[in-house]
2 protein chains.
Amino acid sequence: MSDSPSKPRDATVQDVAREAGVSKATAARVLGGYSVTSPAVRDKVMTAARSLDYRPNEVARSMTTGRSRAIGVVVADVENPYFGLAVRGISDVARAEGFDVILANSGEDVERERDAIRMLLAKRVDGLIVTPASVHDTEHLRAVEASGRPIVLLDRYIPSMSVDTVVADDRAAGAAVARRLTEAGHRRIGYVSATACDDPVYRGAHQLHLSTVRDRIEGFLEAAAQAGGGGCERYVRLGVNRLGGGPKIVADLMALPDRPTALIASDNVVALELFKALRALGIAIPRDLSLIAFHDADWTSVTTPSITVVAQPCYELGSESAAALVRRARGDTTAGRRIILQTRLIERESVISPPR
Amino acid sequence: MSDSPSKPRDATVQDVAREAGVSKATAARVLGGYSVTSPAVRDKVMTAARSLDYRPNEVARSMTTGRSRAIGVVVADVENPYFGLAVRGISDVARAEGFDVILANSGEDVERERDAIRMLLAKRVDGLIVTPASVHDTEHLRAVEASGRPIVLLDRYIPSMSVDTVVADDRAAGAAVARRLTEAGHRRIGYVSATACDDPVYRGAHQLHLSTVRDRIEGFLEAAAQAGGGGCERYVRLGVNRLGGGPKIVADLMALPDRPTALIASDNVVALELFKALRALGIAIPRDLSLIAFHDADWTSVTTPSITVVAQPCYELGSESAAALVRRARGDTTAGRRIILQTRLIERESVISPPR
DNA sequence: TTGACAGATGAGACCGGTCTCATTATCCCT
DNA sequence: AGGGATAATGAGACCGGTCTCATCTGTCAA
């Protein structure tokens with residue numbers, strides 16, 4: 001129908017070639033910047049290209065080459081600044097290396113993760129960076145590995161996969177937090193995570209489908225036990241979802257006969273939930289209860305009291321994984337490596353000795 | 001070199017056709033789900049496809065069709081949860097409508113915005129959603145509009161462009177904030193924005209290259225003046241960057257002979273900066289100074305005092321823009337519309353009457 | 001002068017889908 | 001039984017690049 005106004009079909013190599021009076025092959029050589037051409041021809045072609053406002057069609061280009069100069073990133077939660085920072089790390093490195101970044105969001109859902117990977121592969125990205133939503137549900141990840149397309153795991157490792165993986169030292173971080181608290185005198189320490197789980201009561205590491213959470217809890221429990229804080233398993237709570245659940249879990253913990261004297265929040269969203277719930281119950285931090293949170297979210301320094309946190313190398317997590325992926329995309333076929341970055345405990349005001 | 005192990009080149013329509021014993025055209029019909037085929041053939045082809053683990057090559061597909069069933073999103077700052085939420089709104093709608101989302105980050109930088117748009121167009125996305133980094137530097141956006149590819153502006157409008165635009169009612173929001181403060185008795189009200197600017201002193205709306213900031217400030221100044229708070233222009237400060245600058249700007253404002261009795265923060269990052277800087281100076285909120293911030297970031301409810309904020313319809317900003325874009329991609333050619341969503345003031349504890 | 005050789009260009013196949021058009025098989029009706 | 005409409009399939013062009021291979025020209029050494 002009304003197609004007359006906006007039909008100035010994009011200029012193609014062929015069009016440019018005609019305008020410049022050379023063959024399609026020659027024009028392509030100039031425009032694609034490959035092979036050799038004479039300065040005179042180069043000039044003619046570039047002039048023609050400009051006058052026709054030629055823009056290369058990446059789709060056609062990547063169909064023939066099989067490569068797209070793009071890397072796909074599947075992130076667990078775009079809304080979380082934690083991953084936002086990692087994405088910036090990825091973008092910066094990718095850009096510097098000449099790769100575009102295509103970002104997709106899984107929302108911690110394996111189904112959507114699968115979809116996102118399918119789409120990215122269909123778009124023929126040169127490689128994938130994924131924060132796997134589950135250590136258990138991984139055939140789709142293995143399929144990528146098997147297909148020979150590079151894949152890098154970000155933030156969470158999968159024990160049975162040997163692809164490049166960039167993670168924080170979560171076990172050490174969990175242990176460091178436990179030590180900080182036991183040294184302050186705490187023996188009954190709780191751990192609260194957002195990770196969804198059928199059963200909010202901790203029954204063992206096998207329930208956990210994220211390596212980060214699993215490692216942190218194991219590191220914490222082990223270090224706590226060593227320091228005389230055995231049996232903290234009973235203070236581990238899972239599945240604090242964003243839409244509440246915090247108040248109930250906090251109330252439960254606080255109603256225990258031997259209630260914990262310190263709490264560890266697995267990420268900044270959980271920390272916020274705990275903070276609110278504790279305040280609502282009239283439990284003062286740190287007087288009645290000490291608190292340490294994972295992730296140095298900017299706001300944790302501004303609450304009253306400010307919150308002692310584990311700072312994680314988010315940006316580096318991203319930049320290292322991008323660097324690894326680029327190496328692979330360029331042909332590196334050495335064995336997969338696991339890059340483990342260190343965390344850092346930032347002391348603030350939310351930890352003191354337990355009340356007697 | 002070591003190419004022997006991972007060379008099982010992906011199966012193509014041709015391969016499936018051969019395996020199923022039909023022509024390439026027929027196999028394509030079945031696999032592409034178009035035209036008509038007999039149930040028997042359909043069966044044979046699907047079986048063959050499964051056995052060969054066929055996956056369609058979207059690149060080839062979109063080369064012939066010219067469409068990619070993907071929409072490109074250029075967001076100003078992935079790290080900002082404000083946009084994170086909007087992205088979720090976009091994703092949800094896009095997904096429901098059968099579109100993939102390709103996300104790119106401009107970091108509020110026009111140059112990167114241009115790059116991102118070039119890349120997305122080269123990938124032949126079916127449409128673009130952009131949060132323009134500047135109202136002034138817009139030829140690349142106009143070029144998209146002129147090319148006939150749908151483009152929707154998100155969060156910020158460009159007065160001279162008539163494409164679909166989804167924004168919050170920033171002018172009304174600015175006015176509402178001003179009224180809230182003047183009704184509490186404030187007459188000297190400051191406004192602090194992160195928007196970069198050559199000159200941190202406000203000289204007029206023309207310096208501002210973001211419609212959001214401009215509208216908010218204009219709405220604020222107008223409403224303040226009406227209520228007897230004229231001359232607040234001198235309390236407007238721009239360019240609080242993330243890496244400090246907050247302390248200096250706050251110190252400057254507080255050193256003025258007639259220092260402001262209330263401050264408005266243009267977004268939650270600025271609010272955080274102000275909060276820290278004020279605390280460092282020993283200025284108590286709300287006793288010495290009232291504070292209202294834009295964006296209901298989750299942490300604003302947990303500070304002491306909690307912060308009165310303007311809640312913005314982030315998710316809806318995203319979902320509406322995606323809906324608009326999908327409409328366009330499906331062929332709607334009616335005139336561009338501007339969709340204006342309302343904000344809401346959430347009362348908390350950071351506003352009281354000014355000290356005498 | 002001639003032949004080897006490098007540099008520059010052209011012709012055309014190819015990537016993996018979609019889609020048009022022609023052909024064949026099937027069915028229904030008079 | 002014959003003819004026209006319809007359904008199902010095949011053959012092959014096409015999208016816009018890349019890339020191989022052949023051709024042509026000019027230079028230089030023998």
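So that the names make sense, note that chain A is the first sequence line, chain B the second, and so on, each numbered from 1. Being a predicted model, the structure only gives us computed values, none of them experimental.
Within the structure, every side-chain polar atom (N or O) of A/Y34 is placed at least 4.0 Å from both OP1 and OP2 of D/dC19.
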| message | I need a per-nucleotide contact map over nucleotides 5-14 of chain D, read 5' to 3'. Cutoff is protein heavy atoms under 4.0 Å; write B for the base, S for backbone only, - otherwise. | response | ---SBBBBB-
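Side-chain contact, B/R142 with B/S160: a donor N or O sits under 3.5 Å from an acceptor N or O.
Within the cation-pi definition used here (under 6.0 Å to the ring centroid, within 45° of the axis), A/R88 does not qualify as a partner of A/Y315. In this structure, A/R29 forms no cation-pi arrangement with A/Y34, as its terminal cationic atom is not both closer than 6.0 Å to the ring centre and no more than 45° off the ring axis.
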| Yes or no on salt bridge (charged side-chain N to carboxylate O under 4.0 Å, His left out) for B/R95 and A/D115, after CA distance, side-chain angles and deciding distance? | CA-CA 10 Å; B/R95 206 177 143 78; A/D115 275 4; 3.2 Å; yes
| said: Would A/Y82 and A/D155 count as a side-chain hydrogen bond (donor to acceptor under 3.5 Å, both in side chains) here? Give the steps. | reply: CA-CA 10 Å; A/Y82 177 85; A/D155 184 58; 2.5 Å; yes
| request: For side-chain hydrogen bond (donor to acceptor under 3.5 Å, both in side chains), just list the numbers for B/T37 and B/R42, CA-CA rounded to whole Å, side-chain angles, deciding distance to a tenth of an Å, and then say yes or no. | output: CA-CA 6 Å; B/T37 47; B/R42 223 170 297 150; 3.1 Å; yes
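In this entry the distance linking CD of B/E58 with C1' of C/dC15 reads 16 Å, nearest Å. Summarising the geometry, the separation between CZ on A/R18 and P on C/dG10 is reported as 14 Å, rounded to the nearest angstrom. The CZ-P distance, from B/R124 to C/dG16, rounds to 20 Å in whole Å. Between the P atom of D/dG16 and the CE atom of B/M63 lies a distance of 8 Å, rounded to the nearest Å. We find that CZ of B/R61 is positioned 15 Å from C1' of D/dC15, with the value rounded to whole Å. C/dC15 atom P lies 12 Å from atom CG of B/N57, rounded to whole Å. Rounded to a whole Å, the CZ atom of B/R69 is 10 Å from the P atom of C/dT18.
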